[in-house]
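Predicted model only: the values in this text are computed from it and were never measured. Every heavy atom of this structure was used, including side-chain atoms; hydrogens, water molecules and symmetry mates were not. Throughout, a chain's letter reflects where its sequence line sits, starting with A, and its residues are numbered from 1.
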Protein chains: 2
Amino acid sequence: MNLRDLRYLIAVADHLHFGNAAEACHVSQPTLSGQIRKLEEMLGTTLFERTNKSVQMTPAAEQIVPLARAAVAQADAIVRLAQGWRDPLAGSLRLGVIPTLGPYLMPRILNPLRQRCPALDLVLWEDVTDQLLSRLRRHELDVALIATVPDGDDIDTFLLFEEPFLMVLPEQHALAQETAISDGQLAKADVLVLADGHCLRDQTLSVCHQQSDPRADFRATSLEMLLNMVAAGYGCTLAPALAVAGRAPVPGTIVRPLAPGLAGRTVRLAFRNTFPRRQLVEVMASVVSGLKLP
Amino acid sequence: MNLRDLRYLIAVADHLHFGNAAEACHVSQPTLSGQIRKLEEMLGTTLFERTNKSVQMTPAAEQIVPLARAAVAQADAIVRLAQGWRDPLAGSLRLGVIPTLGPYLMPRILNPLRQRCPALDLVLWEDVTDQLLSRLRRHELDVALIATVPDGDDIDTFLLFEEPFLMVLPEQHALAQETAISDGQLAKADVLVLADGHCLRDQTLSVCHQQSDPRADFRATSLEMLLNMVAAGYGCTLAPALAVAGRAPVPGTIVRPLAPGLAGRTVRLAFRNTFPRRQLVEVMASVVSGLKLP
DNA sequence: TCATATTCATAGGCAGCCCCTATGTATGAT
DNA sequence: ATCATACATAGGGGCTGCCTATGAATATGA
């Protein structure tokens, strides 16, 4: 018995018409008829009752066809699985990234990655961590750039780099005189934070030893918006280094480092531990780790 | 890709040795080596890391081999399942039977048939002739016991036996004095008949040379009901021999034969002329024909 | 160090099977 | 009655899987 025979069997079961089934299988009708007959002889059972005008499945075929579908599906799964092992650096890769990282990191990644993996077709998706992880688990994303350690052992991560937090202040702010912000000053600062769902929100509140957003009447869904609110004098905030270092500060704001080793976040590359193209993930991680970051 | 290739893959994975695996597959070692190489090229992935002294599975093969095992297992299941359908006398058979025959014939058939075809799984369906034939044509039944000759040449029949009609009378009925009922007496009898759709209704009316039910205010959908109406004195009726011979008559009724050779019906086993298990139909027919019927 | 054994890879010839086109047969529709 | 449709049959051609014989590389033992 041959997988091809099973595909023919399934086609006839689906079409109940030899000519149409043959067309679907890209063979001639006599070829398909002959192979079905051969399969019937091999199995010792009639699979289809055929007249010149109708083709009907026998009870035996009713039982056999589902098994044939399963066998063919397994074989197809093998091919698809092998596809992932062909050239791990080629093909489509769906990359998720959190909003507080994407706009600042991706411009630095894309060119080196293009050089390292010219055949890679990158599809970007920006969303908050929980959404990215859900999509990872639903196979709607392949890898994700996040700044937390995911729950569950179905997701593995590679550590990419540590990113310190910097304090962003209005020019006239009292702390603007300091060269570095201390832990005690953080606890008393009037910090603004992002909307719910952003990991940076939770991390900022944690670093500042504060429980909830002191300015709940504002809702900022992007880091740029938050920086503009700082510039307008509504308060200060913490920003990850990539977002504010290596570029002109938002007019009206001043950036100050925290006291050495005080706070930051760890950027990781997350992926299903069953993801077949692990080598590609390793290459991506090495590309990002090899960047000269400010 | 071929199921055979997958069997080769599994064999090498099991033995981690090409020579032994080839022996297990009953092929030569070069044949197996070549097929594995071909499979690797088709999948675009190396499946085994081989040196002259050791064979090791690659991560790709670690993932693929379980799927290959599943596919092969499905294929083997198909062969085993088909094995169960090889014997035409085994498996499921959907048998339709008309209501004026089933309750009286089936008890006599089931045991001999069970002896002749122990592995046969009989599914019974009782309905009037037209419904049985429709279901036969729709492949919802395989064979049917009927008492008419079906229209159309897509249905073949085996003649099983002739079943005479007997007159069933109320005890006090005038004809109860006769030893046999003549044609002229039939034409004048106050016969009760079954509801529309039963072949026995049409046959009774025909035998009695009557056009329509003289007692249309009654509607009997079962022969037993009809006999009870006779017992209650509403009239007489014709019943097939199996329904009234060889058992105690319904209290209050008397059974009289018709004049020799006057009327009866022919019981046949009907089936699609394309039905593949014709041998089973022949066996069933021979079992019924071999019965000692009253 | 050299010979031997083991193991997988390669080469070339042969046979079987799958696929094709052309044709046949039966049935239903116009 | 003719045409259209659908499945079956016949015969030839090409691909491919299988075999035997041989090669190449490595481990073992004298």
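- B:Ile36 has its CD1 atom 13 Å from the C1' atom of C:dC8, to the nearest Å.
- Side chain of A:Arg50 to main chain of A:Phe48: a donor-acceptor pair is present (N/O by atom type, distance under 3.5 Å, no hydrogens or angles).
- Following rounding to the nearest Å, A:Leu16 (CG) and D:dC7 (C1') show an atom-to-atom distance of 14 Å.
- To the nearest angstrom, P of D:dC7 lies 13 Å from CD of A:Glu40.
- When every heavy atom of B:Ala21 is checked against every heavy atom of B:His15, the shortest pair comes out as CA-ND1, 3.8 Å.
- The phosphate of C:dC8 has neither OP1 nor OP2 within less than 4.0 Å of any side-chain N or O from B:Ser33.
- Neither OP1 nor OP2 of C:dC8 sits under 4.0 Å from any side-chain N or O of B:Arg37.
- The CZ-C1' distance, from A:Phe48 to D:dA8, rounds to 16 Å in whole Å.
- Atom P of nucleotide C:dA5 and atom NE2 of B:His17 are separated by 16 Å, given to the nearest angstrom.
- Regarding B:Asn20, its CG atom lies at a distance of 12 Å from the P atom of C:dT6, rounded to whole Å.
- Remark: side-chain polar atoms of A:Glu40 are paired, donor with acceptor, to backbone N or O of A:Leu47 under 3.5 angstrom.
- Interatomic distance, OG1 of B:Thr204 versus NE2 of B:His198, reported as 11.5 Å (0.5 Å rounding).
- Taking CG of B:Leu205 as the reference point, atom CG of B:Leu194 lies at 10.0 Å (rounded to 0.5 Å).
- Taking 4.0 angstrom as the limit, A:Arg50 places none of its side-chain polar atoms (N or O) nearer than this to OP1 or OP2 of D:dA6.
- Atom P of nucleotide D:dT16 and atom CG of B:Leu39 are separated by 15 Å, given to the nearest angstrom.
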Contact list (N/O, under 3.5 angstrom) for nucleotides 18-21 of chain C vs protein:
{"unit_1": "C:dC18", "atom_1": "O5'", "unit_2": "A:Gln35", "atom_2": "NE2", "d": "3.4"}
{"unit_1": "C:dC19", "atom_1": "OP1", "unit_2": "A:Tyr8", "atom_2": "OH", "d": "2.7"}
{"unit_1": "C:dC20", "atom_1": "OP2", "unit_2": "A:Ser28", "atom_2": "N", "d": "2.7"}
{"unit_1": "C:dC20", "atom_1": "OP2", "unit_2": "A:Ser28", "atom_2": "OG", "d": "3.1"}
{"unit_1": "C:dC20", "atom_1": "OP2", "unit_2": "A:Thr31", "atom_2": "OG1", "d": "3.0"}

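- For residues 57-66 of chain A, the set of pairs meeting the salt bridge (charged side-chain N to carboxylate O under 4.0 Å, His left out) definition, not counting sequence neighbours, is empty.
- Sorted by first and then second residue, the salt bridge (charged side-chain N to carboxylate O under 4.0 Å, His left out) pairs with a member in residues 10-32 of chain A read A:Asp14-A:Arg69; sequence neighbours excluded.
- For B:Glu23 and C:dT7, the CD to C1' distance is 14 Å, given to the nearest whole Å.
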